[in-house]
2 protein chains.
Amino acid sequence: MGLSPSLHDAIRVRLAESDQRYTRLRRVLVETLAASARPLTMPEILEAASELPQSSAYRNVTALIEAGVVRRIAGPEDHGLFELAEEFSGHHHHLVCAACGKVEDVAPSDRLERALGEAVRALGDAQGYQVTEHRVELLGLCPDCTAT
Amino acid sequence: MGLSPSLHDAIRVRLAESDQRYTRLRRVLVETLAASARPLTMPEILEAASELPQSSAYRNVTALIEAGVVRRIAGPEDHGLFELAEEFSGHHHHLVCAACGKVEDVAPSDRLERALGEAVRALGDAQGYQVTEHRVELLGLCPDCTAT
DNA sequence: TTCCATAATGAGAGTGATTATCATTCCTTC
DNA sequence: GAAGGAATGATAATCACTCTCATTATGGAA
Ligand SMILES: [Mn+2]
Ligand SMILES: [Mn+2]
Ligand SMILES: [Zn+2]
Ligand SMILES: [Zn+2]
């Protein structure tokens with residue numbers, strides 16, 4: 001199991017660029033995030049990797065974010081969700097259930113990406129922004145909540 | 001200054017549906033949010049409407065959210081941003097500055113909305129979601145941060 | 001291999017946004 | 001103009017998250 005060795009190498013290099021080491025705890029964090037098809041909350045991370053003390057988990061996830069390995073997105077509730085940066089997981093968007101709050105990954109279609117790429121630059125330009133990235137959230141009812 | 005009377009009426013009706021009153025403090029909240037071209041943090045709301053006690057502001061903004069008058073979006077930092085629900089402010093998206101964290105509203109183009117409407121349903125279907133709403137965030141550098 | 005500088009660790013305290021309490025006050029309705 | 005329920009606001013509590021600091025682990029230099 002686990003990420004491909006080349007990905008670990010790339011992460012190690014990325015960390016080294018800011019004089020950070022790729023320690024065992026950081027590998028545990030990366031593996032935990034990589035194993036999930038959806039972004040995880042910190043309580044979920046702490047439960048999945050029970051050897052991780054809270055303070056170390058927060059400190060290391062911050063280090064990984066600063067190195068560009070992890071990104072934090074904002075969940076429907078107040079607290080944050082963590083996932084691998086798109087460079088290591090691929091570009092994708094999120095489905096959010098309006099009823100239960102579940103968030104999961106969804107692969108974008110070429111068609112959507114093409115449309116976004118053009119329209120997005122135009123919108124940003126209109127307000128003087130240099131847009132470098134887009135994020136799309138789709139809200140709706142998940143299969144479970146639709147059934148209910 | 002102030003929303004159109006018809007909007008206030010609509011908000012009053014919406015609140016009444018859940019046995020909530022449209023009080024002076026709630027009107028202050030609505031006016032404050034309506035006067036802004038961007039979603040506001042709670043500290044910003046409290047500063048703009050200094051007569052609002054913190055506990056009342058949180059309680060009332062929650063009441064307005066439950067009534068569908070206000071929505072809370074998650075800012076780039078951990079805390080929430082509040083704005084009028086799209087029913088009362090119109091559909092729009094957000095520009096987020098990757099450097100300073102500023103968030104502002106941006107009107108969507110017809111072209112973008114058309115592309116999203118089609119592609120989004122397809123993506124949701126693929127994972128069994130009934131998608132009812134989409135949110136787009138454009139990340140980039142704001143004019144101020146581009147200049148620096 | 002040994003030493004050293006520095007990064008990483010982890011328990012605990014602290015911060016700040018948000019939420020719960022509850023006695024008091026305000027509205028609505030009869 | 002009461003009565004009942006909703007709203008208010010000061011206060012305390014909660015919870016995600018950050019900071020502190022003494023200890024430990026790491027990796028390169030000698
Ligand atoms: Mn994701
Ligand atoms: Mn907005
Ligand atoms: Zn659901
Ligand atoms: Zn900026």
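Throughout, a chain's letter reflects where its sequence line sits, starting with A, and its residues are numbered from 1. These numbers come from the heavy atoms of this one structure, side chains and all, not from hydrogens, waters or symmetry mates.
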B:E47 atom CD: more than 12 heavy-atom contacts under 6.0 Å: no
Do the side-chain N or O atoms of B:S55 get closer than 4.0 angstrom to the phosphate oxygens (OP1, OP2) of D:dA10? no
Looking only at the side chains, is there a donor atom on one of B:H92 and B:E104 sitting less than 3.5 Å from an acceptor on the other? no
Under 3.5 Å donor-acceptor pair, A:T23 side-chain atoms to C:dA8 base atoms: no
A:E31 side chain to A:H8 side chain, donor-acceptor N/O pair below 3.5 angstrom: yes
Check this one for me: any side-chain N or O of A:Q54 less than 4.0 Å away from OP1 or OP2 of C:dG10? no
Using a cut-off of strictly less than 4.0 Å, decide whether B:N60 has a side-chain nitrogen or oxygen near OP1 or OP2 of D:dA7. no
Could you state the atom-to-atom distance from CG of A:L64 to C1' of C:dT9 in whole Å? 15 Å
What nucleotide among C:dA7, D:dA6, D:dC17 has an atom nearest to a side-chain atom of B:R21? D:dA6
Please report the distance, rounded to the nearest Å, between CG in B:D19 and P in C:dT29. 11 Å
To the nearest angstrom, how far is A:L15 atom CG from C:dT6 atom P? 20 Å
Let me know the distance between CE of B:M42 and C1' of D:dA16, rounded to the nearest Å. 17 Å
Among C:dT28, C:dT6, D:dA16, which nucleotide has an atom closest to any side-chain atom of A:H79? D:dA16
Once you round it to whole Å, what is the distance between C1' of D:dT18 and CG of A:L46? 14 Å
In terms of the nearest nucleotide of DNA chain D, which residue is placed more toward the 5' end: A:L81 or B:L25? B:L25
Any N or O donor-acceptor pair under 3.5 Å from the base of D:dG9 to the side chain of B:R59? yes
Under 4.0 Å between a side-chain N or O of B:R72 and OP1 or OP2 of C:dT18? yes
For B:R24 and C:dT25, give me the distance from atom CZ to atom P, rounded to whole Å. 17 Å
Whole angstrom value for the distance that separates P of C:dA17 from CD1 of B:I73: 17 Å
Give a yes/no on whether any side-chain N or O of A:Y58 is located under 4.0 angstrom from OP1 or OP2 of D:dT18. no
Looking just at side-chain N and O atoms, do B:E133 and B:H91 make a donor-acceptor pair shorter than 3.5 Å? no
B:R27 CZ to C:dC27 C1', in whole Å, measures 14 Å
When you get a sec, tell me which of C:dG10, D:dA10, C:dA8 is the closest nucleotide to the side chain of A:R26? C:dA8
Using side-chain heavy atoms (C-beta onward) and a distance below 4.5 Å, is B:S4 in contact with B:D9? no
